[in-house]
Amino acid sequence: MGFESGPKGKQRRLNHEQRVTLLALVSGLPASLVALILLWGGDHAPRVQWTLTVILFCVWLGCVSALRGRVVRQLQTLSNLLSALREGDYSIRARNASHSDALGEVMFEINLLGATLREQRLGALEATALVRTVMAEIDVAIFAFDDGGHLRLINRAGERLLAQPAERLIGRKASELGLADSLNGMDAGGKDQAEESRTLEKNFPGGAGRWGVRSTAFRAQGLPHRLLVVSDLTRELREEELEAWRRIVRVLGHELNNSLTPIKSIAGSLESLLGREPRPADWREDMQRGLSIIGSRSESLSRFMQAYARLARLPAPRPQVVAVSDLVNRVVALETRLRAEVLPGPALVIQADADQLEQLLINLLRNAVDAALQTNGAVRVVWSKTNSSLEIRIEDEGPGLPNTLNLFVPFFTTKPGGTGIGLVLSRQIAEAHGGKLTLANRAGGAGCVASLQLPI
């Protein structure tokens, strides 16, 4: 059992035992005095009086000793239990703890408290062990710095990144480790800053390339700390870049083959036609027809390359004050094939690039009108405010979307003569404004609904 060490603890226990002894003596004193008065006040022989007095005194001392031992031992047990809990030893239990008396109930509750604390500590130890195992095995460098910028925790990936063991790194400042520029979420005074995530190019002792850096604040033992996570993005970026090039080459190769194959075939036919002697009577008509096809396919290929260049050179938006109602009415007035119904919404003003938003809404409205003309349906435009966002909806009563998986795939189109960049360009404009664009079939009937959400 745990005992409180030192002369002060012993003095407190002695004082407590003295108080318990005094209390036991005082509690039995009135009865003893009454017995002595009756004994010595009666007509008894002196020998009997002295004998009974000695016996009474011995019984009194025995009762006091028994009462003192019972109370003091239980209080000492309670003191040992509390001392063990304070020192983190939750395995000690009090014997014979029951509900028979008040001190027994206290011991019983302390036993339950010790069991609960033991279970909680085991759970915390297991959780800590799991976190340490994950940190050690994860392929992401993790660093923890205190409020003074000194390194307090590092995993194996961090050791590999800095090319040194943890024993040489713990306690060193971020500036000494070359992490001061990455740990820019903590100011000079060590105050917590907001969580930050960014990408940087940097040469570490264990590798060079592009790194994703995430810094966030936490508190340990009441003190502010900073957690820094550094992940290698080079491989992922190269894979994404390679896949993007594959898609571009695949699309470009498909379109070029679609145009160059007939051009090559017709050019070969015309070459053989010119090589005939004598030439056919209608060779001029064949030449004109072949050259016309070559010109048409060349023009189609030129339009495709212009569309691709347009998609790749989308400029950054230039924000200005835009009234939503004026923007919607201006776009609706440009579509003359079918008059769209405008359902007025709230008077809202946003900061956006009016030209790019017009192009976006024109693309969506043109698609809606194309679909509605197939079924002689209607087109409706409505806008509303949801939380801190503006939502513009364009609904049509057309045949709907048979497949929504390829809507935003560049150069994918189901329209004859379409370029397949309208929706892709529209989504890029929406995302450049911090919003999003979605298309889905209408839930209440046939047709499609395009939803544009922009921050206010």
Side-chain angles (χ1 to χ4, degrees), residues 2 4-6 8-9 82-90 113-114 116-237 434:
E4 185 177 1
S5 61
K8 293 184 179 180
L82 294 176
S83 178
L85 294 179
R86 177 177 56 81
E87 294 175 359
D89 186 359
Y90 305 136
L113 176 61
T116 302
L117 293 176
R118 183 173 181 273
E119 293 178 359
Q120 291 179 353
R121 184 172 68 173
L122 288 177
L125 291 176
E126 293 174 353
T128 303
L130 176 60
V131 171
R132 290 185 178 276
T133 302
V134 173
M135 287 184 55
E137 299 299 331
I138 194 172
D139 193 20
V140 175
I142 300 177
F143 309 90
F145 294 87
D146 60 14
D147 56 344
H150 296 88
L151 182 65
R152 296 304 177 194
L153 179 67
I154 185 174
N155 66 342
R156 295 177 184 173
E159 296 178 18
R160 293 193 298 267
L161 183 65
L162 299 181
Q164 293 188 53
E167 293 77 10
R168 298 183 180 179
L169 300 174
I170 297 297
R172 298 174 62 180
K173 294 183 68 68
S175 56
E176 300 176 8
L177 303 175
L179 297 174
D181 55 345
S182 303
L183 194 69
N184 57 1
M186 180 177 289
D187 60 12
K191 297 181 180 179
D192 292 342
Q193 302 294 322
E195 182 176 330
E196 182 179 346
S197 178
R198 63 194 183 96
T199 303
L200 56 83
E201 291 191 14
K202 187 177 179 62
N203 295 330
F204 288 102
R210 299 188 67 180
W211 309 88
V213 180
R214 190 175 187 87
S215 178
T216 183
F218 71 97
R219 303 187 74 86
Q221 298 179 352
L223 299 177
H225 286 67
R226 200 76 187 175
L227 185 68
L228 183 66
V229 180
V230 181
S231 56
D232 187 5
L233 302 180
T234 304
R235 180 183 302 175
E236 289 77 5
L237 291 175

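Side chains included, hydrogens not; waters and symmetry mates left out as well; all remaining heavy atoms used.
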[atom1]/[X] to [atom2]/[Y] distance, rounded to the nearest 0.5 angstrom?
X	Y	atom1	atom2	value
Phe143	Arg152	CZ	CZ	15.5 Å
His150	Leu177	NE2	CG	10.0 Å
Leu122	Glu126	CG	CD	6.5 Å
Leu113	Arg118	CG	CZ	14.0 Å
Arg168	Leu151	CZ	CG	15.0 Å

inquiry  = Any non-hydrogen side-chain atom of Ser215 less than 4.5 Å from a side-chain atom of Arg226?
reply    = yes
Give the table of side-chain donor-acceptor pairs shorter than 3.5 Å for residues 153-163, with sequence neighbours excluded, one pair per line with atom names and distance.
unit_1: Asn155; atom_1: OD1; unit_2: Ile142; atom_2: N; d: 3.0
unit_1: Asn155; atom_1: OD1; unit_2: Gly158; atom_2: N; d: 3.0
unit_1: Asn155; atom_1: ND2; unit_2: Met135; atom_2: O; d: 2.8
unit_1: Asn155; atom_1: ND2; unit_2: Val140; atom_2: O; d: 2.8
unit_1: Arg156; atom_1: NH1; unit_2: Glu137; atom_2: OE2; d: 3.0

Worked verdict on Leu125 versus Arg121 for side chain to side chain contact (heavy atoms under 4.5 Å, CB included) = CA-CA 6 Å; Leu125 291 176; Arg121 184 172 68 173; 4.1 Å; yes
message = For Ser175 versus Ala180, what's the shortest heavy-atom pair and its separation?
response = CA-CB, 3.9 Å
ask   = Looking at Gly178 and Phe204, what are the two nearest heavy atoms and their distance?
value = O-CE2, 4.2 Å
